[in-house]
Amino acid sequence: SKMADTDLADDSFRAGTSEEPGDDGNGELVESVMDLGTLDITTEDLDLTSIDERIQENLNDEVVRAALDKGLDLRAYLADVDRSLIKLERESFGDYLQEGPRLARLHNQIHACDAILGTMQESLKAFQSNLSAISGEIEVLQAQSVALDQKLSNRRALHEPLTLFITSCGIPTDLVEGVCKGQITDTYKATLDVLDAKWAFAANNLDGTRVGPDVIGQLMMLREEAARRIRSHILERLGAMKKPMANIELQQNALLKLRGSFEFLARVSRESAAEIQEVYIDALGKIHFTYFREYADRLRKLQDEVGAGPDDLLGIEDSARRGFFSSRPAVKNRIGLFAMGPRSGILSQLEAPVIVPHAAGDSKLPYEALFRSIQYAVVEIGAREFLFCQEFFGLRDQRAYEAFKLIMGRSIALLLQGVQAHVVKSFDCIGLALCACISNAYQSLLQRQDVLCMQPYFEQIDSMIWPRVQAVMDLNIDSVRSADASKLGVPDKPPHYVVRRAAEFSAALLSLATGRDFPALTERLDTLREEVENFILRMAAEFPDRKDQLVFLINNHDMIRAVYREHAPTAAETAAMEKYINDRIREYVEEELRPAFGGIMAFVKETEAQLERVADPDTIPIDQRRIQGLIRAFAKDWKRAIEEIDGGVMRAFSNFKIGTVVLQEVLTQLVVYYERFLNILKLSPLSRRMGTFSDLIDRHHIIVEVKKHKPAF
């Protein structure tokens, strides 16, 4: 503790002395004010007001408390402490003096450091001054940078429009070469687009500028040169179309590739565009007219001249005489006039290639096939021309229709004249109706393609055909209505040729009317069926025997049913015919059984009628002798009668199939009548006498015999 206090005093003394840097070098010590800190009680005034508190604090000091605990006198203890401190202080003076040189050197070092720091301070002040100058320069440079940046931004903002302006104003050599010497193909439009862009820019932006008149003048010359070249090229193309054997469709496809060039021509020179349109319309109108005129003449040479005439009607008799010098064959050898025949395949080949006359050779074709070919040609060409006018010339609505009429008008008029010439002299109702179906089909085809320009043409064809169809139908109906049965020869049981004609005729027209809106045709078909039915009844009345009448009716209606099944299987008339034939067969069965088994049939019907009127069967009067006679007669002749029925039925019906059906119905009904007869015999009082009827044939024998006559197929 003492050594620590001595070191503390020594350090306090060293800190309080210093060697001035400017002394004479004798190393004199100069006193300095010593800072004793809290130990210096002479530098502050005592505050007596807080003496008690301080005394209390001192009493709480550990040293003071230890002294008090030992019972020491504090004044004596204080005096000892003071003496110790003085002694310690005196002992420390030597140490302080011993350390004096070191303190002097330290003092000198401090002064040297101060000098260095002063120098550094001056340098820093100079550096600060330089920094201030640099800051000013930086501010100047910053201002200059902002100005340069603004200039750069302005130049960049001006670069794009100025470049566009210069580029748009400039007319490059390759553009001039492309306009003046480039081939006019589908790629020529790209050059025209560049020229249009420069023209639009010049017209909108160069007005009032110095370069404006020069640039606009140059561009105008280029536009006129391009229009001149386009006009010449298209006119050359149109001239190529006029050459013999030219492929019009191929030339039109080539022109469609120049649609952009024509649009440019229309913008630059409307007169030239109108001229090209007029030249095209005139050229194509003549080309198509010539084509259809020659094509119609060549097709006319292929037409089969054997057609229906005014005497070729349904009700005309076979024995009708022709003129002495007439070369027309008899109607009976020309049954195809009243049937569809191979012509039915025409409707399934509506979009087949047109007929090539020189490829057809010497073969003859029906008018309907030629009509289909030439109408398909006009549909293809007309639709192509209408669409070409819309796509190439940009015509719409009424203007497109007017251009189509100018191109196809003469051709359509020529074709209408040909149709009219054929229709007015035609008596082939099926052929005319087939032509109407072809016209209807092509109208639907054009509607699906949204080409309505030819609608009036086909409407005119319909207006020619349908009145003639109705007139010829009325002639055929009148011929059947007025047919005299006595003049048609002795009637035979097979189907009559007039009925066969009418069946083929009706079925053909019915197949054409099915699924189509032909009200006039449907109405006249109903009338024709009624007249044919009346005719069959009139012819059947020529037979004196009812059974022969029924055979005639069944044969004719069976033939009609077979024809309907072949040509119009879904028609409602087929079902009605089935019912009529079944009714006539049931009536014929009764007539066929009556000669051989009429007695049993009459007895069964009379007895069953009586049984229905009475409650007790025993009350019915029974003629046993009559019954015995019926049994004996049946037992004697029933097998022979079945044989005769078999032969008679199969001879009576011309159709083996219907004859077999009728025979089975007759034999089945015979078994039914005999079973009913046996059931009556089982009633009392006859049931007790059944054993006495020795000639009674067992029903199983009859069934076995009937099965012998069942067809093997």
Inset, instruction - For the pair Asp646 and Lys708, evaluate salt bridge (Lys or Arg N to Asp or Glu O under 4.0 Å) and give the outcome as yes or no after the intermediate values. - result: CA-CA 11 Å; Asp646 187 345; Lys708 294 179 181 180; over 6 Å; no
Legend entry - Under-4.0 Å salt bridge between Glu587 and Lys547: no
Legend entry - Lys579/Asp583 salt bridge by N-O under 4.0 Å criterion: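 Salt bridge: yes.
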Inset, instruction - Among residues two or more places apart or on two chains, list those pairs meeting side chain to side chain donor-acceptor pair (under 3.5 Å) that have a residue in residues 465-474. - result: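 Qualifying pairs: Asp474-Arg524.
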Inset, instruction - With sequence neighbours left out, write down each residue that passes side chain to side chain donor-acceptor pair (under 3.5 Å) with Gln443, or none if nothing qualifies. - result: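 Result, side chain to side chain donor-acceptor pair (under 3.5 Å) vs Gln443: Ser439, Gln455, Asp462.
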With rounding to the nearest 0.5 angstrom, report the [atom1] to [atom2] distance, [X] to [Y].
X	Y	atom1	atom2	value
Leu593	Glu665	CG	CD	11.0 Å
Glu592	Leu663	CD	CG	9.0 Å
Asp545	Asp548	CG	CG	4.5 Å
Leu432	Phe371	CG	CZ	9.5 Å
Ile581	Asn556	CD1	CG	10.0 Å
His700	Glu705	NE2	CD	15.5 Å

Look at the side chain of [X] and the backbone N and O of [Y], then say whether any donor-acceptor pair between them is shorter than 3.5 Å.
X	Y	result
Thr607	Val604	no
Asn679	Glu675	yes
Lys364	Lys301	yes
Ser373	Ala369	no
Ser479	Gly315	yes

Inset, instruction - Might you work through the salt bridge (Lys or Arg N to Asp or Glu O under 4.0 Å) test for Glu590 and Arg546, ending with a clear yes or no? - result: CA-CA 11 Å; Glu590 297 293 325; Arg546 178 58 181 168; over 6 Å; no
Inset, instruction - Return the minimal non-hydrogen interatomic distance between Tyr564 and Ala503, and the atom names on each side. - result: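 Smallest interatomic distance, heavy atoms only, reads CE1-O, 4.0 Å.
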Inset, instruction - Work out which heavy atom in Ala483 is nearest to a heavy atom in Arg538; give both atom names and the distance. - result: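 So the minimum-distance heavy-atom pair works out to O-NH2, 3.3 Å.
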Legend entry - Steps toward salt bridge (Lys or Arg N to Asp or Glu O under 4.0 Å) verdict (Arg594, Glu591): CA-CA 5 Å; Arg594 186 172 291 111; Glu591 294 294 332; 3.0 Å; yes
Legend entry - Candidates Val469, Leu475, Leu313, Leu434 - the one meeting side-chain contact (heavy atoms from CB on, under 4.5 Å) with Cys429: Val469
Inset, instruction - Establish, yes or no, whether a centroid distance under 6.0 Å links the rings of Phe597 and Tyr673. - result: no
Legend entry - Centroid-centroid under 6.0 Å between Phe677 and Phe634 rings: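 Distance test on ring centres: not under 6.0 Å, no.
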Inset, instruction - Specify whether His496 and Phe535 have parallel, tilted or perpendicular ring planes, treating 30° as the upper limit for parallel and 60° as the lower limit for perpendicular. - result: perpendicular
Going by atom types only, do [X] and [Y] share a side-chain donor-acceptor pair under 3.5 Å?
X	Y	value
Ser426	Tyr367	no
Tyr580	Glu533	yes
Tyr457	Gln375	yes

Legend entry - Arg293, CZ atom: more than 12 neighbouring heavy atoms under 6.0 Å: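 Enclosed: over 12 neighbouring heavy atoms sit under 6.0 Å from CZ of Arg293.
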Inset, instruction - Give a yes or no on whether Asp450 atom CG has more than 12 heavy-atom contacts from other residues, nucleotides or ligands under 6.0 Å away. - result: no
